[in-house]
Participant: 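After the structure tokens below, expect a handful of questions from me.
Everything quoted here is computed from the prediction, not taken from an experiment.
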Amino acid sequence: MVTEDQTSRGRFNHFILIGVLALGIFLRLPPNVFLDGGPLHPFAGLHFAPAFAQVGFDENLYRQYVKTLIERGITSYPDMVEDYIVAQSQLPGAILPPVRFLYIFSGYLWHLLFGAEPLAALQDVASLFSMLTLGLAAIVAWRLSGTTSGLAVAALMAVAPTQLHMSQHALIDGFFAFWALLCLWLLWENLRNPRKGPLLMAFGASLAALVLTKENSFFVGVALLVLLLTNRWLRFGTVTRELLLVTVAGPLLGVVILVFVAGGPNNLMTTYELLVAKASQTPYAILTGDGPWYRYLVDLLLVSPVILILALGSVFRLDLTKKSELYLFTFVAASYLAMCNVKYGMNLRYTNMWDMPLRFLAFSALVALFEPRRRHIWLAIATAFVCAIELRQYYILAVRYPLYELITRDLLHALQILK
């Protein structure tokens, strides 16, 4: 029987969640919404608009791809891939390929639906999927550990600096983070609820979408396979034959679709071969994309110091009874091991998919700091304090300083560690 006190607490939790999501959505609105004459122009002063207002190199390429689709139609996609192959063959360094299909196609669809010009369409898509990631993070945390974790992780994600940064630019990494988090969650649900047809189909579709988004899907795939392999000892749930089949079939479906849109397997293979070969020759990548294995830890410490310290503290408390924490830590650790070994290929924006797991682990550390008596009050205060630090970090990095690329050098300048 539900008591009146429980009902009141439930309503209060819903009120807090709505407030947190509203704040996160507001902070993620693209800058063009606040332009003169826009419906939200009076609130422009409250929005942390980024200081970097130029069009970045990658953003311009995405814009050109969407513009080409608008001018020629979706059936021209194989021609666009062939044009890329010709251009990339003659360039000394790598440029991003059009086979990052799902993000480019989403920008094209946004243009068809709302009439936005290509760059604005891509910015709107990035903003929307950052909002969806926020909502998904709350759902995942709730499913893993209950209402309190759901509320806290939602609050921490609402002001996560890297999440906010990706929502303000026409870049693919926040878009990719949504699909990676969705795959991570659906694998958990399938492990806990074996042989559920809708869950299996959703997991397969999310894997296909991940492959269609970016080649970084390889790192997520490695991490998901590690979770399946370690399940024998860590016992997250039940690995079934059907789940293994879907884990293979989902990415294969994505590859088949990519072969179709690229105009054949030769075009697709040539595109990736050129990308890999030229990436290690790109001057900017050589200058900014290298470093020791712990570079990501350094960059995370610069952007979200309290979150990283708390998350690492939580790692030292892991045991076999903490299934949720073990699951998320294994995902981060496995993908980290793969990503830190890519020569000239490290950038903090590739780690957007770690934002939710790290904040879940950080909140787990906060829970351990307080005794059960009045724990909810102290957790609320501590979470609010961490959120304030996170939001201030974003303000320093992206609003006060014109940060664009999340590389160590620029982070050090933004924080005035280097003058």
Participant: Under 4.5 Å between any side-chain heavy atoms of Thr213 and Phe178, yes or no?
Facilitator: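 Counting from C-beta outward, Thr213 and Phe178 never come under 4.5 Å.
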Participant: Please check if the side chain of Asn231 supplies one atom and the backbone of Phe236 the other of a donor-acceptor pair under 3.5 Å.
Facilitator: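 Looks like yes, one N/O pair under 3.5 Å.
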Participant: Distance-only, no hydrogens or angles: does the Arg192 side chain make a donor-acceptor pair with backbone N or O of Trp188 under 3.5 Å?
Facilitator: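 Checked: no pair found.
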Participant: Tell me whether the rings of Tyr296 and Tyr336 are parallel (<30°), tilted (30 to 60°) or perpendicular (>60°).
Facilitator: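 Perpendicular, since the angle between the ring planes exceeds 60°.
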Participant: Mark yes or no for whether Glu189, through its side chain, and Trp185, through its backbone, hold a donor-acceptor pair below 3.5 Å.
Facilitator: no
Participant: Can a donor-acceptor pair be found, under 3.5 Å and without considering hydrogens, that links the side chain of Ser324 to the backbone of Ser145?
Facilitator: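 No; zero donor-acceptor contacts below 3.5 Å.
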Participant: For Gln393 and Leu302, indicate whether the former's side chain and the latter's backbone hold a donor-acceptor pair under 3.5 Å.
Facilitator: yes
Participant: When you measure from the side chain of Tyr77 to the backbone of Leu69, do you find a donor-acceptor pair of N or O atoms at a distance under 3.5 Å?
Facilitator: no
Participant: Check whether any side-chain N or O of Arg28 sits under 3.5 Å from a backbone N or O of Leu128 as a donor-acceptor pair, and report yes or no.
Facilitator: no
Participant: Does any N or O in the side chain of Tyr404 come within less than 3.5 Å of the main-chain N or O of Phe52, such that one atom is a donor and the other an acceptor?
Facilitator: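 Flag not set: sc Tyr404 to bb Phe52 has no pair under 3.5 Å.
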Participant: For residues 83-103, which residue pairs pass the salt bridge (Lys or Arg N to Asp or Glu O under 4.0 Å) check, not counting sequence neighbours?
Facilitator: Arg72-Asp83, Arg100-Glu215
Participant: Mind jotting down which residue pairs meet the salt bridge (Lys or Arg N to Asp or Glu O under 4.0 Å) criterion with at least one end in residues 146-175? Sequence neighbours excluded, please.
Facilitator: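 Listed by first then second residue: Asp173-Lys214, Asp173-Arg349.
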